[in-house]
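Each chain gets a letter, A, B and so on, in the order the sequences are listed, and its residues count up from 1. Quick caveat, the model's predicted, so the values are computed rather than measured.
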Amino acid sequence: MNNQDVAKLFKNVAAAYAIKDEKKFRFQILAYQKASEAIAGSTSELKDLYKEDKLNSVPGIGSTIKSRIEELFRKGHVEHFDSVLEGIPGSVFVLLDVPSLGPKKAYKLTSKFSLTNPKTVVDNLINEAKEGNIAKIPTFGEKSQEDILTALLEYKQGKNKTERMVLPYASEIADKIIEYLKKSSAINKVATLGSLRRRMPTVGDIDIAAASDNPKEAIDRFVSYPYKERIIEKGPSTASFLTSGGKQVDFMVQPVEGFGALLQHFTGSKNHNVHLREYALKKGMSLSERGIKDLSKKDGRIRSFDSEEKFYKALGMQWIPPELRENKGEIELAANNKLPFLVELKNIRGDLHIHSSFPIEPSHDLGNNSIKEMVQKANYLNYEYIGFSEHNPNISRHTNKQIYDLIAKRNDEIEQIKSSIKSVRIIKLLETDILPSGELAIDDKSLNLLDASIVSIHSGFNMEKKKLTDRILKGLSHPKVKILAHPTGRLLNERAGYDLEWDKIFDFCKKNNKAIEINAWPLRLDLPDVLVKEAIKYGVKFVINTDSHAVDQMNLMKYGVDVARRGWATKNDILNTLSYNKFIEWIKK
DNA sequence: GCCGTTTTCGGCCCGACTGTTTTCAGTCG
């Protein structure tokens, strides 16, 4: 049973409580929902935490839930849950994934039509809707029936609740809509919010906010967007539609003077807002997207804010960068004026993971552009230095001598370019495979041709956690090796990363002066932000790299900086913010 | 069932929108 399974179980338990008695179990429902979300987002496997007796370290897991999880791993099921879930067919939990259906409606519908089979419930319910039977149930009607049918059909086609978008894709859709909105005179200001603004690696819904003196016209403009599938809802201050690609776009409008509170509210995260509101309540203030209510005054007047800075200031705290708004302690630090000063794109002075098209006969893919073209791009980006890190020559088709010669040839080419382009310094690196044994793919003689090496693993992922950790530590321990690239190997929406004993890795890197890469490739964004935050506690340093295989890809650096910022990294944590001399000093250390 | 600048009891964010009602329940963010 992995984290996702447990998260799903807890979500179902919360739903079961809601079905049985929502009022009575109100706080249990909240507790299980919160625990479910925390578990789904945890970087540690619950099973490991259970073995180490560290379940309490997950926020939202207290003594009761801890003992439930222990029982779950010990016996495979939890007696208390069995009784909570009793009488609720599995079909109900399938319907929970259909938008517009929650626990109550799902339960009513399955009971009314005796649909207990999870595998057939969606099809059967579609038939009931088509035959007009849903509209006959009290509290349902013709419109509900129609909406449910639409939602079920879309669910079956996989049109909604599909996989989350990677950040650049979501940005592009949002930019198009914003472009469209700006052409309306009713829109004074417009911005993306939600997870997009927090720069999450993947984005579920796209949130857009506008300031307008004519909200009605602004909403009309929004729902008239030509590339939409259908409108989901439309009210006086909010609306949403589904794009033709099946992605939901939410839109909110406030008058110009209230835009700050709106930005704050819809940037989230949910957990940040909940905590911020609890914090404000203790100070006698009630927060909403409209502004701040002073509870000590009886007039119920809401004070509005045209900027977020003023909104946070009214709460007695610093403005909090959106990337930090995940309820990880940022509120308390902001109240004490102690937020970290996060690294910015303009601090980056070089890119160290570059694949050129030099014919090094590599183990994996070659780049598309020449060394010279990549250097010119680095110059255009105002970098001080660039590091070439092609994959090592394929070891099954070359002798050690041939490998040595190929690397030497590449170095010759670099030397030539060095003499023609002086504005950018070039560092001779290589992305060397760590073999399953922990040995490096090339020998010391070849490694000595380099200023340093980046290492990574590209095969044999399916090793046990401890073995994989030892393998990586062995690879890292070579004196020429300075950077561990894309450390989890994850590919967003494709494969989960491999799990390592991160405490050992971080500890080793700190003690031996090795850096960890934050890979900016949008499908990787690896090391993930939560682990960045964890590594910083150990004092580990990072290098943010694009892993570019073409000139244009060097523009992706910003996505790596996003990850660093979400991991609370300052300029001091990122080595490629150093000057060339300082960076080389670190490499030689 | 969780949790602590109201700290081991007594609180627990706030509002929008929709459909089916005629004041509210359910869902969502």
Which residue lies toward the 5' end of DNA chain B, A:H80 or A:D250, if each is placed at its nearest nucleotide?
A:H80
Using whole Å, report how far CZ of A:F25 lies from C1' of B:dC2.
17 Å
Please report the distance separating the P of B:dC3 from the corresponding atom of B:dC13, rounded so that it comes out in whole Å.
14 Å
Is A:H272 touching bases, backbone alone, or none of the nucleic acid, heavy atoms closer than 4.0 Å?
nothing
Atom pairs under 3.5 Å, N or O on each side, protein against nucleotides 24-26 of chain B: can you list them with distances?
| residue | atom | partner | partner atom | Å |
| --- | --- | --- | --- | --- |
| B:dG26 | OP2 | A:K104 | NZ | 2.8 |

With the criterion set at under 5.5 Å between ring centres and under 30 degrees between planes, would B:dC12 be stacked on A:F27?
yes
Would A:D529 and A:R199 count as a salt bridge (charged side-chain N to carboxylate O under 4.0 Å, His left out) if you check the C-alpha gap in whole Å, the side-chain angles of each, and the deciding distance to 0.1 Å?
CA-CA 11 Å; A:D529 50 30; A:R199 310 305 289 168; over 6 Å; no
Interatomic distance, A:L262 CG vs B:dG29 P [rounded to whole Å]:
16 Å
Given atom CD of A:E37 and atom C1' of B:dC2, what is their separation to the nearest angstrom?
14 Å
N/O donor-acceptor pair under 3.5 Å between A:S195 side chain and A:R198 backbone:
no
Is there a donor-acceptor pair closer than 3.5 Å between any side-chain N or O of A:T110 and the backbone N or O of A:T116?
no
Full working for ring pair (Phe, Tyr, Trp, His ring centres under 6.0 Å) between A:F81 and A:F10:
CA-CA 9 Å; A:F81 292 168; A:F10 280 22; 5.7 Å; yes
Whether each nucleotide of nucleotides 13-23 of chain B has a protein heavy atom under 4.0 Å at its base (B), only at its sugar-phosphate (S) or at neither (-) is summarised, 5' to 3', as BBSSSSSSS--
Write down the distance separating the P atoms in B:dT21 and B:dT6, rounded off to the nearest Å.
45 Å
Distance (rounded to the nearest 0.5 Å) between A:T238 OG1 and A:I232 CD1
11.0 Å
Which value, in whole Å, describes the distance between the C1' atoms of nucleotides B:dG11 and B:dA16?
26 Å
Nearest 0.5 Å please: distance from the CE atom of A:M1 over to the NE2 atom of A:H77.
11.5 Å
Is it possible for you to check whether A:R221 lies under 6.0 Å from the centre of the six-membered ring of A:Y180, through NZ or CZ, and within 45° of that ring's axis?
yes
Roughly, in whole Å, what's the span from OH in A:Y279 to C1' in B:dG11?
18 Å
Considering only atom C1', compute the distance from B:dT22 to B:dT8 and round it to an integer number of Å.
46 Å
With sequence neighbours excluded, residues passing salt bridge (Lys or Arg N to Asp or Glu O under 4.0 Å) with A:K54
A:E52
Could you list by number each residue of residues 68-75 of chain A showing a heavy-atom separation from DNA chain B of less than 4.0 Å, or answer none if no residue does?
A:R68
Paired with B:dT8: which nucleotide, if any, by Watson-Crick or G-U wobble criteria at under 3.5 Å for both distances?
none
Starting at CD1 of A:I19 and ending at C1' of B:dT27, how long is that distance when rounded to a whole Å?
14 Å
Is A:E330 reaching over with its side chain to a backbone N or O of A:L339, donor-acceptor style, under 3.5 angstrom?
no
dist A:F25:CZ -> A:I19:CD1 (nearest 0.5 Å) comes out at 12.0 Å
Those residues at least two apart in sequence (or on a different chain) that pass side-chain hydrogen bond (donor to acceptor under 3.5 Å, both in side chains) with A:E86 are none
Residue list, side chain to side chain contact (heavy atoms under 4.5 Å, CB included) with A:F27, at least two apart or on another chain:
A:L30
C1' spacing across the pair B:dG10 / B:dC17, given as an integer number of angstrom
33 Å
I want to verify a distance call: between B:dG29, B:dG1, B:dT6, whose nearest atom is closest to the A:K282 side chain?
B:dT6
Interatomic distance where NZ belongs to A:K24 and C1' belongs to B:dC12 [whole Å]
19 Å
Length of the line joining A:N271:CG and B:dC2:C1', which is rounded to integer Å
13 Å
Give me the distance, rounded to whole Å, that separates B:dT20 from B:dT27 when you measure between the C1' atoms they each carry.
14 Å
A:Y32 backbone acceptor or donor facing A:S36 side chain under 3.5 Å:
no
Heavy atoms only, 4.0 Å cut-off, all strands: where does A:F266 land among base, sugar-phosphate and nothing?
nothing
